[in-house]
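The model shown is predicted, which means the values in this text are computed figures rather than measured ones. Every chain is numbered from 1 and lettered A, B, ... according to where its sequence line falls, protein lines coming before strand lines.
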Number of protein chains: 2
Amino acid sequence: MGYGFCMSTIDFAPPPFVPQATGKLRAILDAAKRAVVRDGLNAISIDAIAADAGVSRQTVYNHLGDKEQLVIAVIRDVTARSSASLMAAVATFPDRPDDVEAALTEFAVRLLDPCMCDIDGRALRWLLERESGRYPELLQTWQAYGPGQDWPIIAGCFARLAANGYLELDDASVAARHFVALISADLPTAQGPCVRPSREAVQKAAATGVRTFLRAFASRQR
Amino acid sequence: MGYGFCMSTIDFAPPPFVPQATGKLRAILDAAKRAVVRDGLNAISIDAIAADAGVSRQTVYNHLGDKEQLVIAVIRDVTARSSASLMAAVATFPDRPDDVEAALTEFAVRLLDPCMCDIDGRALRWLLERESGRYPELLQTWQAYGPGQDWPIIAGCFARLAANGYLELDDASVAARHFVALISADLPTAQGPCVRPSREAVQKAAATGVRTFLRAFASRQR
DNA sequence: GTAAAATTAGACAACAGTGTCCAAATTTTT
DNA sequence: AAAAATTTGGACACTGTTGTCTAATTTTAC
């Protein structure tokens, strides 16, 4: 089956090449992130980012040097932070829950709310969908260090739950993708990635998605 | 239940306010569409669009008058064409199939391949996700004439299939959303919206998604 | 074939953004 | 308190884009 990995082998250390930015640099990266999510990689303006960050334009050039390097820094920052929050959520995957539906719903909320809905997750998804063709750096970073690595891990979680008798799965990686697709299906996306869904909306989407997921994959012997 | 509509009542006429563009205008709109999908609404250049359309810049201004109006024209065009192709696919929803799984898989392919994957569908999804906040015209047009209207229709299709005894549904609109989410889940999106998935990939994604869908919703008495 | 309409190429001013330089001001460190 | 590092604001040349205008050319309609 290929999913027989152990949770404790996961390396939770953040990717080494992304120093935790603080101070002005942090403000610049956050502002740049907002700008990218709002306007796209091609339409961002250094002036606007500097103004949004409450910093002079020269400071941006001092820290990042170049628009290209600014973009790369944003990509790395978003990837690292998003991966870290995803790892944190995955670490809470239920092992032997009393109530599978409740446990999976809570896990879905933990996955959706801080990971898919926060600024980093939205920015990353946006970037991957839109810019992976133009910035090879992006896809490379994602595959090497980011949540791209985490998908097999999520699949492993479901395989474990199946091995414990809670689920009946043919293919754990399909189940993992369908799980995420189902809990995301009911999130209101029409408002655009700039608007964070409410907690209630997330809760409802998770519950509805998990119910369908379990209709498909719950073990019948329980 | 509220889904008791009849197929023959659907108005297949295209929205009245979008004349079928031909000739140079068609070329301009197509080029603009490609540019928007590739670069975003903020980053498009009239010069580049004109060059891509094989047309002089002045002709763009003659036809559309303004960048703002160009964007609005693209939105209307994309919405109308996407809605038309979605309607055409929905009209082929299976009624009393011998093999539900095969019939739904074929329908899923018809839904995915021309509707979600063609340039209009991708452009529309892209626009909705990204620009609905800034261009109220977009959300308005979508809700009034576009595929936004079609969701209840798809839900009605599933309700009918359930009424015919093929499915067991609590909520047909949830089932419709989950159906689309599942058949879309396995499409390779990491390549970005500029790359159209291969026919085989679409076929595989549809089959996998439908299998899970039927695990959840297939009637057990058949 | 001729008149009308559409299209083209090119020039043009106005504007916005980039990236650099520098001197003054501010903050941090010693 | 002095020294060092960082930040600021403004000026600058440069580039690319917009939208307008013109005269010449091509296409279409009669």
Side-chain angles (χ1 to χ4, degrees), chain A residues 18-77 123 126-127 130-131 133-135 137-138, chain B residues 18-77 123 126-127 130-131 133-135 137-138:
Chain A
V18 182
Q20 316 283 5
T22 56
K24 307 263 178 184
L25 178 56
R26 178 79 266 144
I28 294 172
L29 287 178
D30 285 341
K33 219 180 295 181
R34 283 191 294 271
V36 166
V37 170
R38 192 178 57 242
D39 296 331
L41 273 187
N42 283 16
I44 58 176
S45 133
I46 302 247
D47 280 355
I49 291 172
D52 185 19
V55 145
S56 83
R57 178 174 62 240
Q58 188 58 46
T59 303
V60 177
Y61 284 100
N62 285 346
H63 278 284
L64 281 319
D66 201 346
K67 197 175 188 180
E68 179 88 11
Q69 287 172 272
L70 168 64
V71 166
I72 291 179
V74 167
I75 289 173
R76 292 189 170 173
D77 188 58
W126 191 96
L127 284 170
R130 293 273 305 108
E131 311 286 355
R134 198 163 12 201
Y135 283 84
E137 159 84 22
L138 178 51
Chain B
V18 181
Q20 315 285 2
T22 55
K24 307 263 179 186
L25 178 56
R26 177 79 268 143
I28 294 171
L29 288 178
D30 285 341
K33 220 179 294 180
R34 283 190 293 271
V36 166
V37 171
R38 192 180 55 244
D39 296 330
L41 273 188
N42 283 17
I44 58 175
S45 133
I46 301 248
D47 279 355
I49 290 172
D52 186 18
V55 144
S56 83
R57 177 176 62 240
Q58 188 57 46
T59 302
V60 177
Y61 283 101
N62 286 347
H63 277 285
L64 281 318
D66 203 344
K67 197 175 186 178
E68 180 89 11
Q69 288 172 272
L70 168 66
V71 166
I72 291 179
V74 168
I75 289 173
R76 293 187 168 174
D77 189 60
W126 191 95
L127 284 169
R130 291 276 303 108
E131 310 286 353
R134 196 163 15 198
Y135 284 84
E137 160 84 22
L138 178 52

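Between A:Asp66 and A:Tyr61, the closest side-chain pair of non-hydrogen atoms is not below 4.5 Å. Inter-residue side-chain proximity for B:Leu25 and B:Leu64 is flagged as met; some heavy-atom pair is nearer than 4.5 Å.
Taking NZ of A:Lys33 as the start and CD1 of A:Ile28 as the end, the distance is 13.0 Å to the nearest 0.5 Å. Put simply, CD on A:Gln69 and CD1 on A:Ile72 are 7.0 Å apart, with the number rounded to the nearest 0.5 Å.
At a non-hydrogen distance threshold of 4.0 Å, A:Ile44, A:Ser45, A:Ile46, A:Asp47 from residues 43-50 of chain A come into contact with DNA chain C. Only A:Val55, A:Ser56, A:Arg57, A:Gln58, A:Thr59, A:Asn62, A:His63, listed by number, bring a heavy atom of residues 55-66 of chain A to less than 4.0 angstrom from any atom of DNA chain D.
In this structure B:Asn62 satisfies the side chain to side chain donor-acceptor pair (under 3.5 Å) test together with B:Gln58, sequence neighbours excluded.
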**Item:** Chi angles and distances behind the side chain to side chain contact (heavy atoms under 4.5 Å, CB included) call for A:Ile49, A:Leu70
**Value:** CA-CA 11 Å; A:Ile49 291 172; A:Leu70 168 64; 3.9 Å; yes

**Request:** Under the salt bridge (charged side-chain N to carboxylate O under 4.0 Å, His left out) rule, what do A:Arg26 and A:Asp77 come out as? Steps first, then yes or no, please.
**Result:** CA-CA 10 Å; A:Arg26 178 79 266 144; A:Asp77 188 58; 2.5 Å; yes

**Working for side chain to side chain contact (heavy atoms under 4.5 Å, CB included), residues B:Val71 and B:Val36** = CA-CA 9 Å; B:Val71 166; B:Val36 166; 6.0 Å; no

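Nearest heavy atom pair, residue B:Ala32 against residue B:Val74, reads CB-CG2, 3.5 Å. Closest non-hydrogen pair, B:Ala53 versus B:Ala27, comes out as CB-O, 3.5 Å.
Between B:Ile28 atom CD1 and C:dT7 atom C1' there is a gap of 10 Å when expressed in whole angstrom units.
Terminal axes of the helix from C:dG1-D:dC30 to C:dT30-D:dA1 (five pairs each, C1' rotation axis) are separated by 40°, to the nearest 10°.
You can see that DNA chain D meets the heavy atoms of chain B within a 4.0 Å-exclusive cut from D:dT18 to D:dC21, reading 5' to 3'.
Within the structure, salt bridge (Lys or Arg N to Asp or Glu O under 4.0 Å) contacts touching residues 53-62 of chain A (residues at least two apart or in different chains) are A:Asp47-A:Arg57.
Side chain of A:Lys24 to backbone of A:Gly54: no donor-acceptor contact under 3.5 angstrom is found.
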